[in-house]
Amino acid sequence: MTQKLANTEQMKKFLNIVSGKTTDKGNPRVKQIAHRLLTDLFNAIEDLDIRPDEFWTAVDYFNDLGQSMEAGLLTPGLGLEHFLDLRMDAEDAAAGIQQGTPRTIEGPLYVANAPLSKGSARLDDGTDKGEVLFMRGVVRDSDGKPVAGAIVDVWHANTKGMYSFFDKTQSKYNLRRRIETDANGRYEFRTIVPTGYGCPPDGPTQRLLNALGRHGQRPAHIHFFVSAPGRRHLTTQINIAGDKYLYDDFAFATREGLIPKIVRQNDPNKIREKGLNAPFAEIEFDFTMTSLSKAVPDDVVQRRRVEAA
Ligand code: BEZ
Ligand code: FE
């Protein structure tokens with residue numbers, strides 16, 4: 001049997017040179033990762049007989065992906081962001097850390113420094129005539145004690161599945177707020193029930209998903225960062241129960257424990273009490289934070305995030 005080209009001594013030396021292993025300059029961790037990924041890629045090209053035109057299609061694809069700023073969209077679509085969550089879950093389990101509210105992906109649509117209020121907030125600017133939603137709950141520590149002064153940073157899509165800042169038709173910070181829990185660890189907000197996000201139909205992420213025979217839809221959901229001194233940063237989402245894509249999320253973010261009951265209120269007295277003239281929805285959801293631990297890193301993930309100008 002002929003030896004694979006990627007396994008020859010000549011190619012091994014070449015991969016060492018390419019990934020900077022023959023020089024003291026540079027970053028050792030980057031070299032280690034580059035060497036592994038390039039070795040795997042060389043092998044894949046050979047094993048799968050990837051033709052030059054296929055290879056250059058992929059290069060063109062990466063250029064398109066960067067130009068359309070969709071790298072952070074493809075990452076969850078290929079299950080990579082969920083895989084990073086599963087690895088952190090496994091690290092926690094190995095360190096004997098009991099699970100609080102399950103973590104799930106951040107996604108690419110967070111905007112930093114949303115307006116901060118104490119105890120309660122209204123998230124929507126009133127222009128989207130969606131179903132009104134009241135969501136409330138308590139932030140607790142792993143002993144069940146309320147955490148006062150925790151920051152609940154919440155963001156979600158409008159009824160078209162679009163996020164403010166990325167959708168320039170919406171007002172600044174629409175459907176985005178930070179809420180500080182009160183002395184009893186409570187938070188509450190008024191908003192509108194969101195619709196699930198769909199990938200831009202003509203973008204490179206959807207193009208690859210089409211080639212994989214997959215859709216690019218997410219179920220309706222609401223994102224949260226929950227943070228407090230001495231506690232691990234929690235990145236999570238809740239899903240709107242009953243959504244068609246609840247268990248078919250292209251970004252793989254749905255997790256048991258993150259699908260609270262949504263209660264529809266039709267009682268005319270309750271509608272009047274809220275100052276509304278149509279039925280509304282309510283969700284109760286408590287967050288459980290875990291304490292900082294020396295055994296695992298905190299969960300604040302460093303990545304490039306946008307700020308609204
Ligand atoms: C989202 O949070 O809506 C989202 C997450 C991953 C990919 C695309 C969108
Ligand atoms: Fe989202």
Where does the angle between the aromatic ring planes of Phe14 and Phe42 fall among parallel (under 30°), tilted (30 to 60°) and perpendicular (over 60°)?
tilted

Below 6.0 angstrom between ring centroids: does that apply to His221 and Tyr197?
no

Output the distance between atom CZ (Arg218) and atom CG (Leu246), rounded to the nearest 0.5 Å.
10.5 Å

Could you tell me how the ring of Trp155 sits relative to the ring of His223: parallel (under 30°), tilted (30 to 60°) or perpendicular (over 60°)?
parallel

Determine, for Asp249 against Arg255, whether the closest basic-nitrogen to carboxylate-oxygen distance falls under 4.0 angstrom.
no

Applying the 4.5 Å side-chain criterion to the ILVMFWY set and letting contacts propagate, would Val30 and Leu38 be lumped into a single cluster?
no

Could you give all pairs that pass the ring pair (Phe, Tyr, Trp, His ring centres under 6.0 Å) test and reach residues 289-309, with sequence neighbours left out?
none

Do the side chains of Arg214 and Asp248 get close enough for a salt bridge, i.e. N-O under 4.0 angstrom?
no

Min side-chain heavy-atom separation Pro279-Ile271 under 4.5 Å:
yes

Modelled atom types, side-chain donor and acceptor of Gln206 and Asn210, under 3.5 Å:
yes

Hits for salt bridge (Lys or Arg N to Asp or Glu O under 4.0 Å) against Asp53, two or more places apart or cross-chain, chain-then-number order -> none

Do Asp124 and Thr191 meet the criterion of a side-chain donor-acceptor pair at a distance under 3.5 Å?
no

Which of His156, Arg176, Gln170 passes side chain to side chain donor-acceptor pair (under 3.5 Å) with Ser164? It is Arg176

So do the side chains of Tyr163 and Leu175 get within less than 4.5 Å of each other, counting heavy atoms only?
no

Find out whether His35 and Thr39 are in side-chain contact, i.e. whether some heavy atom of one side chain is under 4.5 Å from a heavy atom of the other.
yes

Does the side chain of Phe224 come within less than 4.5 Å of Gln237's, by heavy atoms?
no

His233: partners by ring-ring contact (aromatic ring centres under 6.0 Å, His included), with sequence neighbours left out
Phe225

Looking at Glu81 and Arg303, does any basic side-chain N land under 4.0 Å from a carboxylate oxygen?
yes

